Enquirer: 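The following block contains the structure, expressed as structure tokens.
Only heavy atoms go into these numbers, but all of them, side chains included; no hydrogens, no water, no symmetry mates. Chain naming here is simple, since letters A, B, ... match the order of the sequence lines and numbering starts at 1 in each. In this text the structure is predicted, and so the values were computed from the model without any measurement.
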Amino acid sequence: MNIFNWIKYEIKACLRSAAISKKWPEKLPFERITVEPPRDASNGDIATNAAMILAKPIGIDPYDIYLPLAEGLKKLESVKSVEIVEPGFINIRLLSGVWLAQVSKILEFGQNFGSSRMGAGRKVNVEYVSANPTGPLHAAHARGAVFGDALASLLEKAGFQVVREYYVNDVGSQIDKMAHSVYFRYLEALNANSNIPECDYPGEYLKDLGKALVMREGDNLINALEQEWLEPVRTFAVELIMTNIMKDLLTMGIHMDRFSSERAIVKKNVISRALAKLEEAGLVYRGVLTPPKGKCPDDWEPRPQLLFRSTKFGDDVDRPLQKPDGSWTYFSNDIAYHMDKVERGYMDMIDVFGADHGGYVNRIKAAVSAITAGQGNLDVKLCQIVHMLDGGKPVRMSKRSGNFVTLSEVLDTVGPDVLRFIMLTRRNDQTLEFDYRQVSEQSRNNPVFYVQYAHARACSVIRNAKEIFVAEDLSDFALSQAEINLLTDHNELKLSKLLASWPRVVESAASSHEPHRVAFYLANVAAAFHELWSKGRENARLRFILKNEREITMARIALVRATATVIASGLKIIGVTPMDELRG
RNA sequence: GCACCCGUAGCUUAAUUGGAUAGAGUUCUGCCCUCCGAAGGCAGAGGUUACAGGUUCGAAUCCUGUCGGGUGCACCA
């Protein structure tokens with residue numbers, strides 16, 4: 001249960017009855033009321049802005065809102081105190097037993113604690129990775145992949161029905177270029193005279209693809225005409241590259257529910273339906289674009305094209321739907337793809353893009369808005385670039401030579417757990433520094449280690465307790481029955497409150513589409529736990545295990561176990577395996 | 001030239017979506033192991049939130065402008 005939601009409900013109930021008895025105006029902005037833990041714990045457990053929000057529309061002093069509210073809240077058994085401070089915050093304290101009871105709940109519900117019904121089973125489509133099948137994933141793809149995957153898990157935890165989707169851009173000139181290169185390498189592998197020019201498409205892996213093609217086709221394609229070999233080579237290469245991409249994703253623990261092929265979308269001719277919708281709304285016309293000022297391409301020529309009126313939705317210019325040869329643009333196919341998502345029942349969509357696609361956001365949002373008559377929601381999350389460092393020095397990445405750092409190389413050096421966690425230690429719209437050396441450090445400034453260490457320590461305590469209390473049942477269920485109210489230390493309460501706020505973290509991170517909050521929350525939990533641990537070093541009375549005091553030990557073990565449970569639950573969203581011990 | 005994103009301690013950054021005295025790590029200094037994992041903890045210090053206005057009970061957050069950095073700019077994907 002989310003305690004904050006519950007108190008919010010009670011606050012609104014009090015205010016509604018006060019509104020009637022005191023004849024307050026009818027339409028008050030109750031939706032703007034927040035109920036949250038104050039930043040500074042000395043301000044109590046829970047704070048609300050209700051008095052400040054409502055004072056003006058009612059035309060009274062915040063204090064006159066506080067009075068009936070406090071009167072109502074104080075009737076609740078769990079509420080210890082309610083007070084108002086300048087400039088009108090109402091601070092609420094709950095009996096410590098309320099928070100401690102959450103510790104027992106954690107043990108009762110296990111990893112399900114924190115799961116929310118906020119999403120109410122609403123379908124959400126999360127599209128991420130979507131790297132072109134023209135080569136292996138490289139390090140820069142990792143961020144979007146991890147972000148999207150964690151976001152999907154987070155939304156699931158918050159009660160949404162999520163599908164993880166990869167859009168395969170298996171059509172277009174890039175793909176054909178790649179296929180040409182593969183064919184060139186194929187001829188090279190056979191020592192055949194090449195009458196086609198070497199393509200400038202970079203990458204060593206193309207040689208492997210060429211050889212693999214030899215394995216499969218022998219010299220069957222050696223004298224084929226382009227229109228004969230292009231299709232099979234393209235299909236072969238895309239399949240193989242996608243297999244490798246999926247292998248990397250699997251290593252990272254990413255399992256996509258669906259791979260949507262652009263080629264299939266084109267084939268199904270979804271675009272004609274999408275276009276019909278746009279035309280119906282009067283959003284398609286034939287016109288001539290003006291060249292951008294200050295950066296006019298050399299080969300610019302004014303030509304009439306089929307355009308989408310995206311400016312009507314706040315875009316800078318209207319966007320072309322057709323290429324000069326009459327075929328559809330990438331944008332058109334993407335409109336069709338989003339239409340396809342909508343037709344599959346996803347009115348809520350999230351696209352995870354790299355920052356270099358920022359200029360694309362407005363037009364695709366415009367398109368979604370247009371084809372759903374404003375009913376569909378598309379949130380585009382841009383992931384900023386990752387600077388790869390090695391001991392503070394930038395790792396050079398040359399795209400031109402094709403010598404970029406591949407994702408599988410990174411995974412080999414640091415492993416999937418470290419990679420996943422670090423990718424979420426920054427907001428998605430901030431650039432991120434990824435230092436090979438620092439992320440494998442085992443110290444406080446490595447958040448992955450720090451959180452894992454807390455989990456391992458907690459597990460260690462339980463192991464020790466089992467040895468000392470051999471006859472005792474230390475199962476989660478047994479611990480959930482422990483006399484938890486014996487916990488009275490300040491740090492124990494602080495940790496309990498933090499653990500109790502896990503459901504709130506899940507809900508707020510999910511609704512803002514910000515999975516990094518989970519990583520930061522876990523770092524907080526770890527810090528509170530390490531702090532509590534150290535108290536036992538300074539004062540033996542505060543240690544978790546007191547050999548001759550069964551009752552208090554059970555209560556403390558319960559808290560320790562709850563801590564491990566919440567950490568594990570959070571790590572699961574991030575996609576990191578919790579470690580029971582770190583010793584090698 | 002235009003658009004989008006960003007600008008927070010020396011460095012890397014967070015801030016409960018508009019809340020209270022802007023929090024962490026790193027670095028430096030000094031403490032805490034007879035003891036459940038010192039791979040930890042505690043304390044000190046560091047800020048005109050790029051700048052200037054505005055909106056209001058209240059702004060790092062929203063609006064306008066300026067400066068600085070990044071990304072993109074018919075037809076590619």
Enquirer: Please give, in whole Å, the distance from B:C2 C1' to A:Arg363 CZ?
Expert: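 One finds 14 Å between C1' of B:C2 and CZ of A:Arg363, rounded.
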Enquirer: Give a yes/no answer on whether the side chain of A:Asn362 brings an N or O atom under 4.0 Å of OP1 or OP2 in B:C4.
Expert: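 Answer is no, no contact under 4.0 Å.
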Enquirer: Is there a donor N/O on one and an acceptor N/O on the other, under 3.5 Å, for the side chain of A:Asn91 and the base of B:A20?
Expert: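 For A:Asn91, whose side chain was compared with the base of B:A20, there is a donor-acceptor pair (under 3.5 Å).
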Enquirer: Under 4.0 angstrom, heavy atoms only, what part of the nucleic acid is A:Pro37 near: base, sugar-phosphate, or nothing?
Expert: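 Result for A:Pro37 = base.
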Enquirer: Given the side-chain rings of A:Phe529 and A:His455, with only the six-membered ring counted for Trp, is the space between their centroids under 6.0 Å?
Expert: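 No; A:His455 has its ring centre 6.0 Å or more from that of A:Phe529.
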Enquirer: For the pair A:Asp351 and A:Lys381, find out whether any cationic side-chain nitrogen is under 4.0 Å from an anionic carboxylate oxygen.
Expert: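 Between A:Lys381 and A:Asp351 there is no salt bridge, as every charged N stays at least 4.0 Å from the carboxylate O atoms.
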Enquirer: Under 3.5 Å, is there a donor-acceptor pair linking the side chains of A:Gln322 and A:Thr329?
Expert: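 Note: A:Gln322 and A:Thr329 side chains miss the donor-acceptor criterion.
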Enquirer: Under 4.0 angstrom, heavy atoms only, what part of the nucleic acid is A:Gly88 near: base, sugar-phosphate, or nothing?
Expert: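 If one applies the 4.0 Å heavy-atom cut-off, A:Gly88 turns out to touch nothing in the nucleic acid.
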Enquirer: Separation of A:Arg286 atom CZ from B:C75 atom C1', in whole Å?
Expert: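 Distance check: A:Arg286 CZ to B:C75 C1' gives 13 Å.
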Enquirer: Are A:Tyr167 and A:Tyr337 an aromatic pair by the rule of ring centers under 6.0 Å?
Expert: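 Judged by ring-centre distance (under 6.0 Å), A:Tyr167 and A:Tyr337 do meet the cut-off.
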Enquirer: Go ahead and name the base partner of B:U49; Watson-Crick or wobble counts if both distances stay under 3.5 Å, otherwise write none.
Expert: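 When the pairing criteria are applied, nothing turns out to pair with B:U49, so the answer is none.
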Enquirer: Select one nucleotide: of B:A77, B:A20, B:G40, the one nearest the side-chain heavy atoms of A:Tyr450.
Expert: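 For the A:Tyr450 side chain, the nearest candidate turns out to be B:G40.
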Enquirer: Give one of base, sugar-phosphate or nothing for A:Ala456, where a contact means two heavy atoms less than 4.0 Å apart.
Expert: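 Base: the residue A:Ala456, judged by heavy atoms under 4.0 Å, touches a nucleobase.
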Enquirer: Starting the side chain at C-beta, find the nucleotide from B:G19, B:A77, B:G40 nearest to A:Phe449.
Expert: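 Shortest atom-to-atom distance from the side chain points to B:G40.
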Enquirer: According to a strict under-4.0 Å criterion, is A:Lys323 in side-chain N/O contact with OP1 or OP2 of B:C76?
Expert: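 Yes, within the criterion.
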Enquirer: Measuring from the side chain of A:Gln430 (C-beta onward, heavy atoms only), which nucleotide among B:A74, B:A77, B:G7 has the closest atom?
Expert: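 Given the options B:A74, B:A77, B:G7, the side chain of A:Gln430 is closest to B:G7.
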Enquirer: Using purine N1 to pyrimidine N3 plus N6-O4 or O6-N4 for Watson-Crick, or N1-O2 and O6-N3 for G-U wobble, each under 3.5 Å, what pairs with B:A24?
Expert: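 B:A24 is paired with B:U12.
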Enquirer: Could you work out the separation of B:U27 and B:A59 based on their C1' atoms and round it to a whole Å?
Expert: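 It comes out at 32 Å once rounded to the nearest Å.
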Enquirer: Are A:Asn132 and A:Gln174 linked by a side-chain donor-acceptor pair shorter than 3.5 Å?
Expert: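 No, A:Gln174 and A:Asn132 have no side-chain donor paired with an acceptor closer than 3.5 Å.
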Enquirer: Tell me whether the OP1 or OP2 atom of B:A15 has a side-chain N or O from A:His516 closer than 4.0 Å.
Expert: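 Answer is yes, contact under 4.0 Å.
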Enquirer: Searching all strands shown, indicate the nucleotide that pairs with B:A59 (Watson-Crick or G-U wobble; both distances under 3.5 Å).
Expert: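 By the stated definition (distances under 3.5 Å), nothing pairs with B:A59.
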Enquirer: Could you check how far CD of A:Glu83 sits from C1' of B:A20, rounded to whole Å?
Expert: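 The distance from CD of A:Glu83 to C1' of B:A20 comes to 13 Å, rounded to the nearest Å.
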Enquirer: Could you identify the nucleotide paired to B:A3, looking across every strand shown and requiring Watson-Crick or G-U wobble geometry with both distances under 3.5 Å?
Expert: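 Partner of B:A3: B:U71.
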Enquirer: Within the pair A:Arg39 and B:A20, is there a side-chain N or O less than 4.0 Å away from OP1 or OP2?
Expert: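 It does, given that an N or O in the side chain of A:Arg39 lies less than 4.0 Å from OP1 or OP2 of B:A20.
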Enquirer: Whom does B:U29 pair with, Watson-Crick or G-U wobble, provided both distances fall under 3.5 Å?
Expert: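 Base partner found: B:A43.
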Enquirer: Using the P atom on both, measure B:C6 against B:C63 and round to a whole Å.
Expert: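 It works out to 11 Å between them.
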Enquirer: Hey, does A:Asn43 reach any base, or is it just sugar-phosphate, or nothing, if we go heavy atoms under 4.0 Å?
Expert: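 Base, at least one base atom sits under 4.0 Å.
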Enquirer: In whole Å, I'd like the distance from the CD atom of A:Glu262 to the P atom of B:C76.
Expert: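 Rounded to the whole Å, the gap is 10 Å.
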Enquirer: Describe the nucleic acid contact of A:Thr329 in one word from base, sugar-phosphate, nothing, applying a heavy-atom distance below 4.0 Å.
Expert: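 Answer is sugar-phosphate: A:Thr329 comes under 4.0 Å of backbone atoms only.
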Enquirer: Counting any heavy atom closer than 4.0 Å, what does A:Ala540 reach on the DNA or RNA strands: base, sugar-phosphate only, or nothing?
Expert: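 A:Ala540: no heavy atom of the nucleic acid under 4.0 Å.
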Enquirer: What is the distance, rounded to the nearest whole Å, between atom CD of A:Gln384 and atom P of B:G72?
Expert: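 Whole-Å distance recorded here is 11 Å.
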Enquirer: Could you check which of B:G40, B:A74, B:A15 has an atom nearest any side-chain atom of A:Arg444?
Expert: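 Taking heavy atoms from C-beta onward, the closest nucleotide is B:G40.
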Enquirer: Does the ring center of A:Tyr63 lie less than 6.0 Å from the ring center of A:Tyr66?
Expert: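 Yes: the rings meet the under 6.0 Å criterion.
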Enquirer: Find the distance A:Phe353:CZ to B:G70:P and express it as a whole number of Å.
Expert: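 From A:Phe353 CZ to B:G70 P: 24 Å.
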Enquirer: Assuming nearest nucleotide by heavy-atom distance, tell me which of A:Arg517 and A:Asn445 is located more 5' along RNA chain B.
Expert: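 So the residue in question is A:Arg517.
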Enquirer: Whole-Å distance between B:G23 C1' and A:Asn524 CG?
Expert: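 From A:Asn524 CG to B:G23 C1': 9 Å.
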Enquirer: For the P atoms, the ones on B:A22 and on B:A45, what distance do you get once it is rounded to whole angstrom?
Expert: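 To the nearest whole Å, 14 Å.
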Enquirer: Does A:Leu382 reach a base, just sugar-phosphate, or nothing at all? Heavy atoms under 4.0 Å.
Expert: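 Touches nothing.
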Enquirer: Of the nucleotides B:U12, B:G58, B:G41, which one has an atom closest to the side chain of A:Arg426?
Expert: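 In terms of side-chain proximity for A:Arg426, the closest of B:U12, B:G58, B:G41 is B:U12.
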Enquirer: Of A:Ser512 and A:Arg303, whose nearest nucleotide on RNA chain B comes first from the 5' end?
Expert: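 Final value for this comparison: A:Ser512.
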Enquirer: Would you call A:Glu83 and A:Arg93 a salt bridge, taking side-chain N to carboxylate O under 4.0 Å as the test?
Expert: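 The answer is yes: the pair qualifies as a salt bridge.
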Enquirer: Can you tell me how far P in B:C5 sits from the matching atom in B:U61, rounded to whole Å?
Expert: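 Pairwise P distance, B:C5 against B:U61, rounds to 15 Å.
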Enquirer: With no hydrogens and no angle check, is any side-chain donor or acceptor of A:Glu467 less than 3.5 Å from a backbone partner on A:Asn464?
Expert: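 Not at all, since once roles are kept as given, no pair shorter than 3.5 Å links the two residues.
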Enquirer: For B:C35, which nucleotide is its Watson-Crick or G-U wobble mate, given both distances must be under 3.5 Å?
Expert: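 Paired with no nucleotide.
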Enquirer: Of the listed nucleotides (B:U21, B:C42, B:G72), which one gets closest to any side-chain atom of A:Glu531?
Expert: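 Nearest listed nucleotide: B:C42.
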Enquirer: B:G40 and B:G25: how far apart are their C1' atoms, nearest whole angstrom?
Expert: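 Between the two C1' atoms, the distance is 15 Å.
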Enquirer: I'd like to know if A:Arg319 reaches the base of B:A74 with its side chain such that a donor and an acceptor end up less than 3.5 angstrom apart.
Expert: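 In this structure, the two groups form no donor-acceptor pair.
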Enquirer: For the side chain of A:Pro292, counting heavy atoms from C-beta on, which of B:C36, B:A74, B:G37 is nearest?
Expert: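 So the side chain of A:Pro292 is nearest to B:A74.
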Enquirer: Has A:Arg444 got its NZ or CZ under 6.0 Å from the middle of the six-membered ring of A:Tyr450, at an angle within 45 degrees of the ring axis?
Expert: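 Cation-pi check for A:Arg444 and A:Tyr450: passes.
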Enquirer: Expressed in whole Å, how much space separates the P atoms belonging to B:U55 and B:A15?
Expert: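 The answer is 28 Å between these two P atoms.
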Enquirer: In this structure, how many angstroms lie between the C1' atom of B:A77 and the OH atom of A:Tyr337, rounded?
Expert: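 These atoms are roughly 15 Å apart.
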Enquirer: From the set B:G25, B:C73, B:C6, return the single nucleotide nearest to any side-chain atom of A:Asp429.
Expert: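 The closest nucleotide is B:C6.
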Enquirer: Which of the following nucleotides, B:G40, B:A77, B:C73, is nearest to the side chain of A:Tyr330?
Expert: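 Closest of the options to the side chain of A:Tyr330: B:A77.
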Enquirer: For the side chain of A:Arg427, counting heavy atoms from C-beta on, which of B:A24, B:A15, B:G72 is nearest?
Expert: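 Of all the options, the side chain of A:Arg427 is nearest to B:A15.
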Enquirer: Flag as yes if A:Tyr453 stacks onto the base of B:G37 (centroids under 5.5 Å, planes under 30°), otherwise no.
Expert: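 One would not call A:Tyr453 stacked on the B:G37 base.
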Enquirer: Check the phosphate of B:G58 against A:Lys56, side-chain N and O only, distance under 4.0 Å to OP1 or OP2. Yes or no?
Expert: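 Result: no.
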